[in-house]
Number of protein chains: 2
Amino acid sequence: MKDVAASAGVALKTVSRVVNGERGVNAVTAERVRSAIERLGYRRDESARGLRGGRTSSVGLVIEDVADPFYSGVSRAVEDVALGYGSLLLSGSSGEDPRRERELVLTFCSRRVDGLIIVPAGADHEYLRPELDAGTPAVFADRPGGLDADTVICDNAGGACAGVTHLLRYGHRRVAFIGDSASIFTAAERLRGYRRALAEAGLPADESLIATGPPERAGAALARMLTAQAPPTALFTGNGRVTLAVLRTGQRLPMVGFDDFELADLLVPGVSVVAQDPAGLGRTAAELLFRRIQGDPGPAEHVELPTRLIPRGSGELPPP
Amino acid sequence: MKDVAASAGVALKTVSRVVNGERGVNAVTAERVRSAIERLGYRRDESARGLRGGRTSSVGLVIEDVADPFYSGVSRAVEDVALGYGSLLLSGSSGEDPRRERELVLTFCSRRVDGLIIVPAGADHEYLRPELDAGTPAVFADRPGGLDADTVICDNAGGACAGVTHLLRYGHRRVAFIGDSASIFTAAERLRGYRRALAEAGLPADESLIATGPPERAGAALARMLTAQAPPTALFTGNGRVTLAVLRTGQRLPMVGFDDFELADLLVPGVSVVAQDPAGLGRTAAELLFRRIQGDPGPAEHVELPTRLIPRGSGELPPP
DNA sequence: CTGTTGCGGGACAACGTTGTCGAAAGCAGG
DNA sequence: CCTGCTTTCGACAACGTTGTCCCGCAACAG
C-alpha cells in the first residue's frame with residue numbers, strides 16, 4: 001500500500017480511502033490510485049485489517065471429519081452461509097479427539113475468528129470460557145457442549161423412537177439396537193429413543209438385543225445376536241457407519257437405520273432410514289452464529305431439528 | 001500481551017520471549033509471566049504474528065465441492081499434511097465456477113497464505129501471476145492450471161483405457177461412453193482413454209455411443225442409446241456422478257465406472273470401477289506444496305498418479 | 001582496579017491497515 | 001476583505017507482534 005501511494009503520488013490514507021470506497025476522494029485522484037493498484041498488483045492485507053479493526057470476517061468450524069458425508073454436508077452449508085455474510089470459513093477435523101478439538105478451537109481463536117461452530121468431541125469446554133467472555137460467540141452443533149451457549153441438535157431420541165415404532169407397526173416384537181459408543185451424546189440419545197419406543201408399545205427391553213461400541217464391531221455384534229437363543233426379527237442401527245457395517249455382513253433382516261446415505265435406495269431391498277438434515281443443521285447453526293456476531297444479545301438458544309422417516313422397503317417387512 | 005506484561009511487572013518483549021520459548025529469561029521471571037498468562041487467559045494473536053514475520057502458517061485449498069466425497073477425501077488428506085507442518089488449512093468450494101474460484105484464491109491471498117492448492121475450475125489463471133511472482137507457491141491438483149506451476153493429476157486417460165479394455169476382454173464390441181461435459185479436463189482425458197482403448201483393440205469409435213454433458217442428463221442419454229438401432233452391450237461411465245445417475249435409471253448392463261464409491265460392492269452385481277485415490281492426490285499435492293514453501297526452488301513438477309481397476313462383477317459380464 | 005564477557009531484560013521500530021484530526025483550498029455570502 | 005462551510009487530502013497514532021539494539025549488572029581475568 002505504501003508502494004501504491006508512492007507510485008500514485010498520494011498519501012497512504014488516500015489509497016486506503018480508494019480501496020474502501022470511502023467518499024472524499026477526487027475522481028481523478030481515485031483513478032490514478034486505481035491504476036497504480038492495478039500496475040503493482042496490490043492486494044489489501046486482510047490480517048492487518050483485522051488487527052486494526054475488530055473483525056476478521058472469518059468464522060471457525062470444528063467437525064469430526066470432513067470426509068464423513070454428514071459433516072461435509074454440514075461444512076458446505078456453513079460455508080455457504082458464511083459466504084453470504086462476506087465471511088471466510090476456517091474448518092478442521094477433530095477426529096473425535098477432545099485434545100485435537102481443543103487445539104483446533106484455540107488455533108481458530110488465535111486467528112481471532114469472529115465466531116465458532118463446534119461439534120463437540122469432548123465433554124468439557126471450560127477452556128472456551130475466556131473466549132466467550134471476550135465476546136467471541138460460539139454455537140454447539142449436533143451435540144450439546146456443556147456450556148450455556150447456543151446449541152443446535154437433531155431430535156435424536158424422537159427420530160430413533162419413530163424408526164423403532166415403525167418396525168413395531170409391522171409386527172416385530174424383538175427389535176435389536178446396534179449403535180455407536182454410548183459415551184457419544186447422539187448415540188446415547190438414540191438408544192433412549194429406542195427404549196422409549198419399546199416402552200410406549202408396552203414391550204420389555206431385552207438387554208441382549210442392545211449393543212453399543214465402535215461401528216467396526218457392529219457386524220460381530222449382529223452375528224452374536226442372530227446365533228443366540230432368541231434372535232431379533234428386526235434391527236435398528238444407530239448411525240450411518242453402523243448401518244454400513246451391518247449391511248456389509250451380508251445378513252439381511254428387516255431394518256431401519258439412523259442417517260440417510262447415498263444409494264440406500266438402490267440396495268435390494270431399499271434401506272429405510274431416519275434421515276437427518278446435515279445442510280439444515282449447518283445452516284441453522286451458522287445463521288444463529290451470525291446473528292450473535294451481529295450483536296444479538298438474547299439468552300442462549302437451543303434449537304432441535306426434526307428428523308424424517310424414509311421408508312424404502314427394509315423397514316416394511318413383517319417378521320418371518 | 002501488554003496486559004500480561006503489566007500484570008507480571010515485566011516488559012512486553014519479555015512476555016514475547018516467554019511465549020516463544022526464547023532463551024534469555026530467568027526461570028523465576030518466566031514462571032511469573034506464565035502465571036499472568038494463565039490468569040488473564042491470554043492467547044497470542046496469530047495474525048499480528050504473521051504481519052510481523054513473513055509466514056502465516058496457513059495454506060489455502062480450493063476444491064469444487066466439499067460435499068463431494070472425492071473432494072472431501074482430498075481435503076482431509078491436505079488437512080492432515082498441513083497439521084504435520086504446523087499449518088492451518090483454509091478451504092473453500094468453487095462450485096465449478098471460475099469467478100468463485102478466483103474470488104476464493106484472492107481471499108486466501110489477502111490472508112497471506114503461505115501457499116495454495118487449487119483444483120482449477122477455470123482455464124485461465126493469469127490472475128495468479130502477481131502472487132506467484134511474489135513468492136507464494138501454488139500447486140494445481142486434479143487438473144492442470146495452465147500456468148507453469150506444479151501439478152498433480154490422475155492418469156485419467158490411462159485409467160479409462162484400462163477400464164474400457166477390461167470390458168473388451170469379455171467380448172464386448174459396442175461399448176458406450178457417458179461422461180461429464182467435455183469442457184472439463186478430466187472428462188476430456190477419460191474420453192481420450194476410451195478412444196485409445198478402442199483403437200488399440202482395432203475397433204471403430206461409433207459416435208452414437210458417446211455422450212458428454214451434465215451428469216443429470218446421463219440417464220436420458222443412456223435411454224436413447226439403448227433404444228437406438230444398434231444399442232451398446234456395455235457401458236463405461238466417466239465419473240462417479242454419472243455412474244450414480246446411470247444406476248438410478250434401473251437399467252443394468254455390463255459396465256465399468258470411473259471413480260470408486262461407497263457401497264459399490266453391495267449392489268447386485270457389484271459395480272466394477274476404475275478407482276482414483278483422493279487421499280493420495282491430496283497428500284501428494286500438499287507434500288509438494290510444503291516442499292516449495294520450505295524453499296525448494298526446482299522447476300515445476302508434474303506428477304501423475306496411477307488408477308486402480310477394481311472388478312466387482314458388473315464389468316466381468318459377457319454380451320448377451 | 002580496570003577491562004571484558006555474558007546474561008537478563010527493556011526501549012523502539014516496523015509489519016499493513018484504518019480512525020481521528022487537522023490543514024489547505026475553493027466557494028458563497030456578507 | 002473576512003467569515004464560515006465544504007471538499008480533498010495528509011500526518012499520526014494505534015492494533016499485537018517480533019527483530020534489533022542497547023543498558024545495567026555480576027562474574028572473571030589480567
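Sequence lines set the chain letters: A, B, ... in the order given, protein chains first and strands last, and positions in each chain run from 1. All values reported here derive from a predicted model rather than from experimental measurement.
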Exercise. Within 45° of the six-membered ring axis of B:Phe185 and under 6.0 Å from that ring's centre, is NZ or CZ of B:Arg143 located there?
Worked result: no
Exercise. Quick one: B:Asp45 CG to D:dG16 C1', roughly how many Å, whole number?
Worked result: 6 Å
Problem set entry | Whole-Å distance separating the CD atom of A:Glu22 from the C1' atom of C:dG19 | 9 Å
Exercise. Start at the 5' end of DNA chain C and walk down; is the nucleotide closest to B:Arg112 or to B:Gly24 reached first?
Worked result: B:Gly24
Exercise. Rounded to the nearest Å, what distance is computed from the CZ atom of residue A:Arg111 to the C1' atom of nucleotide D:dT17?
Worked result: 14 Å
Problem set entry | For atom CZ of A:Arg55 and atom P of C:dG19, their distance in whole Å | 13 Å
For this session: State plainly whether the residues B:Arg129 and B:Asp133 are in salt-bridge range, i.e. N to O under 4.0 Å.
Result: no
Problem set entry | Whole angstrom value for the distance that separates C1' of D:dG10 from CG of A:Asn26 | 15 Å
Seminar exercise, completed: Residues of residues 4-17 of chain B with a heavy atom under 4.0 Å from any atom of DNA chain C, listed by number, are B:Val10, B:Ala11, B:Lys13, B:Thr14, B:Arg17
Problem set entry | Closest listed nucleotide, where the reference is the side chain of B:Val25 and the choices are C:dG16, C:dT17, C:dG9 | C:dG9
Exercise. Will you find, in the side chains of A:Asp114 and A:Thr56, an N or O donor that is under 3.5 Å from an N or O acceptor?
Worked result: yes
Problem set entry | Closest to the B:Leu51 side chain, choosing from D:dT8, D:dT18, C:dC15 | C:dC15
Exercise. Angle class for the B:His125/B:Phe140 ring planes (parallel below 30°, perpendicular above 60°, tilted otherwise)?
Worked result: perpendicular
Problem set entry | Length of the line joining B:Arg52:CZ and C:dC12:P, which is rounded to integer Å | 16 Å
For this session: Whole angstrom is fine here: how far is it from CZ in A:Arg32 over to C1' in D:dG10?
Result: 13 Å
For this session: Please indicate whether A:Arg39 has more than 12 foreign heavy atoms, meaning atoms of other residues, nucleotides or ligands, lying under 6.0 Å from its CZ.
Result: yes
Exercise. Choosing from C:dT18, C:dG9, D:dG16, which nucleotide comes nearest the side chain of A:Asn20?
Worked result: C:dT18
For this session: Tell me whether the OP1 or OP2 atom of D:dC15 has a side-chain N or O from B:Lys2 closer than 4.0 Å.
Result: yes
Exercise. Using a cut-off of 4.0 Å on non-hydrogen atoms, how would the nucleic acid contact of A:Ser47 be classed: base, sugar-phosphate, or nothing?
Worked result: nothing
For this session: For the residue pair B:Glu64 and B:Ser93, confirm or rule out a side-chain donor-acceptor distance under 3.5 Å.
Result: no
Problem set entry | Cationic N near anionic O, under 4.0 Å, A:Asp259 to A:Arg241 | no
Problem set entry | Whole angstrom value for the distance that separates C1' of D:dT17 from CZ of B:Arg44 | 9 Å
